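A short worksheet on the structure shown next.
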Amino acid sequence: MEEKSSLAANEDDLSPDNESGEEKEPYDPTGRSFYKKMCKQLRITPANIFLEKLGMAEMSLAHYGLGPKQAKAIASTLESNTALLNFDLSENNLQEDGCAVICEMMEDNCYITQLNLSRNAMGLVGSMAAERMIRSNNTLLKLICSGNKFTEHCTIPWAEAIKHTLYLKSLDLSHNEFGEAGGLILGPAIGENEAMEELSLRWNHIRLDGAIAIAYAMTSNQMLKSFDLAWNGFADIGAAAFGEALKVNSSLQELDLSNNRITEEGAKMLARGLAVNDCLQILRLGNNPLGRGGVSAILQAVKGNANSAMEEMHFDNIPVTLELLTLLGQMLNKNPNLKVKHAGLGGTEARAENEKQKEPMVLIRQYIDRANLRLVDFFNSIDKDKSMKVTRTELEIGLAKAKVAMTRDQISSLVTQLDKDGDGEIDYSEFVCGAQSAAALERESKKKKVADDKRRKEEKERRSQMFKHMKEAGDDGADGNPAN
């Protein structure tokens, strides 16, 4: 069996069982005395924040710049700690050796369930120690190692850890530098994993054959529920591979492929999998150049799948057309709980950011005034079935046609504000009441503006007079005639 590196020199001399002739100190179950002795031996100053939190179930030491030596003292102290469950050591410059001793400690500690070692420059030595920890520890459920600049040469130990872990449920390897070769190594390991439920590889450089290998892994992996692959380079070839994987996968519930350069062609191939998949609930495709054809293919696939479990679809910063809004309306009529985020008609969501401070009903009244319409004329224009009631979808399409820029949050707020009886529809009387309230709000706003303008004008005049008197007083003083 491979020997573990010593956490500190002469550590046995610090044990409570030391049988030297010196008088023993009372046993300290918190570990504070032992930690102070370790710091003295390592010639470092004890970290007060660690002493304060020692004994707590959750401990965050993020951003304290502890370094490798503090990691040794902390690891020695926590080896037999039974209180700590959630440990955050992110961004502490622990480096390879510091991360290694923390991982070695975790091989013996059987209480910590969550560990965060993000942004600590773990390197290859830290990766290898993490592999041993993951393979031997049976209580660690969540490990976060984001932003450690792992490159291809660190891939093998992580692949071995993923392949052999039986207990780890969540692993975050985001914001690293795994590339195509890394994807080719990690893919088969993911396919063989039988324990993990969440995996994040977002913000890496996985593309081409590496992307195919990652996607193909989901044809055999039937445990993973959440897979975050945003900000890689999967492109159309990766989307097509995921389309095939979704045809047979029966576990994945959330998939994030945002910012992956997926075009309309890739979206159509991904849609083939969505047309038969019965487990995916959340799909994120924002910031991809899908085009209206790509968005339409995704929506049509979900709409036509009677067994679809879809609950949320995210097309962030992707504008839609009126036809797509109509299609979406049909889907919402069938499944009112479905949530779809997009950039609005031709990007109205983005344009609405300039108007987001205004009350939604005020924006509608301003449009009616500009278009020289009556309130009933506008209502009738969106009430297509002439029932004197409009649904949220009818309202959204009507606003889009009228080019009234509102965010989806504003539309939701408007529906909540107007739908007084909570039946999910806005009848004409509720719309009139809302318009009257908006008119009253506008009147108050105008009165306030007039009052504010008047106050500013008076203040400006007062200051002008004051400066005039001061100038006159200064001129008199310069002429040798001081003012009385």
Side-chain angles (χ1 to χ4, degrees), residues 5 62-63 66-68 71 87-107 114-137 140-165 168-193 195-196 198-215 217 221 224 226-234 238 256 259-260:
S5 64
H63 317 297
L66 298 174
F87 194 19
D88 185 353
L89 276 169
S90 59
E91 204 159 353
N92 270 294
N93 192 32
L94 300 185
Q95 302 178 33
E96 296 191 35
D97 290 341
C99 291
V101 295
I102 294 295
C103 291
E104 288 173 7
M105 174 271 293
M106 289 293 297
E107 292 185 53
Q114 296 186 42
L115 177 62
N116 189 341
L117 290 174
S118 297
R119 298 181 296 282
N120 274 302
M122 288 182 71
L124 180 58
V125 172
S127 298
M128 294 172 67
E131 178 201 344
R132 294 192 295 270
M133 170 188 69
I134 292 171
R135 294 179 68 158
S136 63
N137 185 293
L140 184 64
L141 301 178
K142 183 173 184 178
L143 177 62
I144 306 173
C145 292
S146 175
N148 274 296
K149 298 183 179 179
F150 296 135
T151 55
E152 310 291 41
H153 72 285
C154 297
T155 309
I156 292 178
W158 284 111
E160 290 299 307
I162 291 171
K163 183 189 302 183
H164 295 291
T165 181
L168 190 67
K169 298 297 182 185
S170 176
L171 177 61
D172 185 346
L173 294 175
S174 62
H175 292 265
N176 284 297
E177 298 174 10
F178 297 129
E180 181 181 5
L184 286 168
I185 296 172
L186 290 171
I190 295 169
E192 293 185 37
N193 179 270
M196 286 195 308
E198 298 178 359
L199 177 59
S200 177
L201 289 170
R202 73 185 286 124
W203 278 97
N204 278 277
H205 310 301
I206 302 170
R207 59 199 65 194
L208 301 174
D209 288 343
I212 294 175
I214 294 289
N221 184 302
L224 205 60
S226 175
F227 206 175
D228 187 349
L229 291 161
W231 292 94
N232 277 281
F234 272 54
D256 193 340
N259 295 83
N260 266 286

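All values below come from the heavy atoms of this structure, side chains included, with hydrogens, waters and symmetry mates left out. If you're wondering where the values come from, they're calculated on a predicted model, not measured in any experiment.
- Within a 6.0 Å radius of CD1 in Ile156, no more than 12 heavy atoms belonging to other residues, nucleotides or ligands are found.
- Between Pro157 and Leu124 there is a side-chain heavy-atom pair separated by less than 4.5 Å.
- Between Glu177 and Thr151, the shortest heavy-atom contact is OE1-CG2, 3.3 Å.
- Between Ala159 and Ile185, the closest heavy-atom pair is CB-CG2, 3.7 Å.
- Using modelled atom types, one finds no donor on one side chain facing an acceptor on the other under 3.5 Å when comparing Glu198 with Ser226.
- Within the 4.5 Å cutoff, no side-chain heavy atoms of Lys169 are placed close to those of Lys142.
- At least one donor-acceptor pair closer than 3.5 Å links the side chain of Asn204 to the backbone N or O of Phe178.
- Under a 3.5 Å cut-off, the side chain of Glu96 and the backbone N or O of Val125 do form a donor-acceptor pair.
- Considering CD1 of Ile214 and CG of Asn232, their distance stands at 8.5 Å, rounded to 0.5 Å.
- Taken from OG in Ser136 to CD in Glu131, the straight-line distance is 10.0 Å, to the nearest 0.5 Å.
- Judged by distance alone, with hydrogens and angles left aside, the side-chain atoms of Thr155 form a donor-acceptor pair with the main-chain N or O of Glu152 at under 3.5 Å.
- At least one donor-acceptor pair closer than 3.5 Å links the side chain of Ser146 to the backbone N or O of Ser174.
- Trp203 pairs by the ring pair (Phe, Tyr, Trp, His ring centres under 6.0 Å) definition with His175, Trp231, not counting sequence neighbours.
- Considering only heavy atoms from C-beta on, Asn148 stays 4.5 Å or farther from Cys154 through its side chain.
- In terms of heavy-atom proximity, Leu143 sits nearest to Met133 at CD2-CE, 3.8 Å.
- Rounded to the nearest 0.5 Å, atoms CG (Leu141) and CG (Leu168) are 7.5 Å apart.
- Looking at Ile206 and Phe234, their side chains come closer than 4.5 Å, going by heavy atoms from C-beta outward.
- The closest side-chain heavy-atom distance from Leu186 to Leu201 is below 4.5 Å.
- Thr165 approaches Ala195 most closely through the heavy-atom pair O-CB, 3.6 Å.
- In this structure, the separation between CD on Gln114 and CG on Asp88 is 10.0 Å, given to the nearest 0.5 Å.
- With Asn120 contributing its side chain and Cys99 its backbone, the two residues share no donor-acceptor pair below 3.5 Å.
- Minimum heavy-atom separation, Ala129 to Cys103: O-CB, 3.6 Å.
- No side-chain donor-acceptor contact under 3.5 Å links Ser200 to the backbone of Asp172.
- Heavy atoms only, all atoms of each residue included: Gly233 and Asn260 are closest at N-OD1, 3.3 Å.
- The CE atom of Met105 sits 7.0 Å away from atom CG of Leu115, with the distance rounded to the nearest 0.5 Å.
- Ring pair Phe150/Trp158 is tilted by interplanar angle, where 30° to 60° counts as tilted.
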(request) Decide yes or no on side chain to side chain contact (heavy atoms under 4.5 Å, CB included) for Leu224 and Asn193, but give the supporting numbers first. (result) CA-CA 9 Å; Leu224 205 60; Asn193 179 270; 5.8 Å; no

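- A salt bridge (Lys or Arg N to Asp or Glu O under 4.0 Å) check over residues 199-209, counting only residues at least two apart or in different chains, returns the pairs Arg202-Asp228, Arg202-Asp256.
- Residue Ile102 holds its CD1 atom at 9.0 Å from CG of Leu66, rounded to the nearest 0.5 Å.
- Within the 4.5 Å cutoff, the side chain of Gln95 has heavy atoms near those of the Asn93 side chain.
- At least one donor-acceptor pair closer than 3.5 Å links the side chain of Asn116 to the backbone N or O of Ser118.
- With sequence neighbours excluded, the residues forming a salt bridge (Lys or Arg N to Asp or Glu O under 4.0 Å) with Lys163 are Glu160, listed by chain and number.
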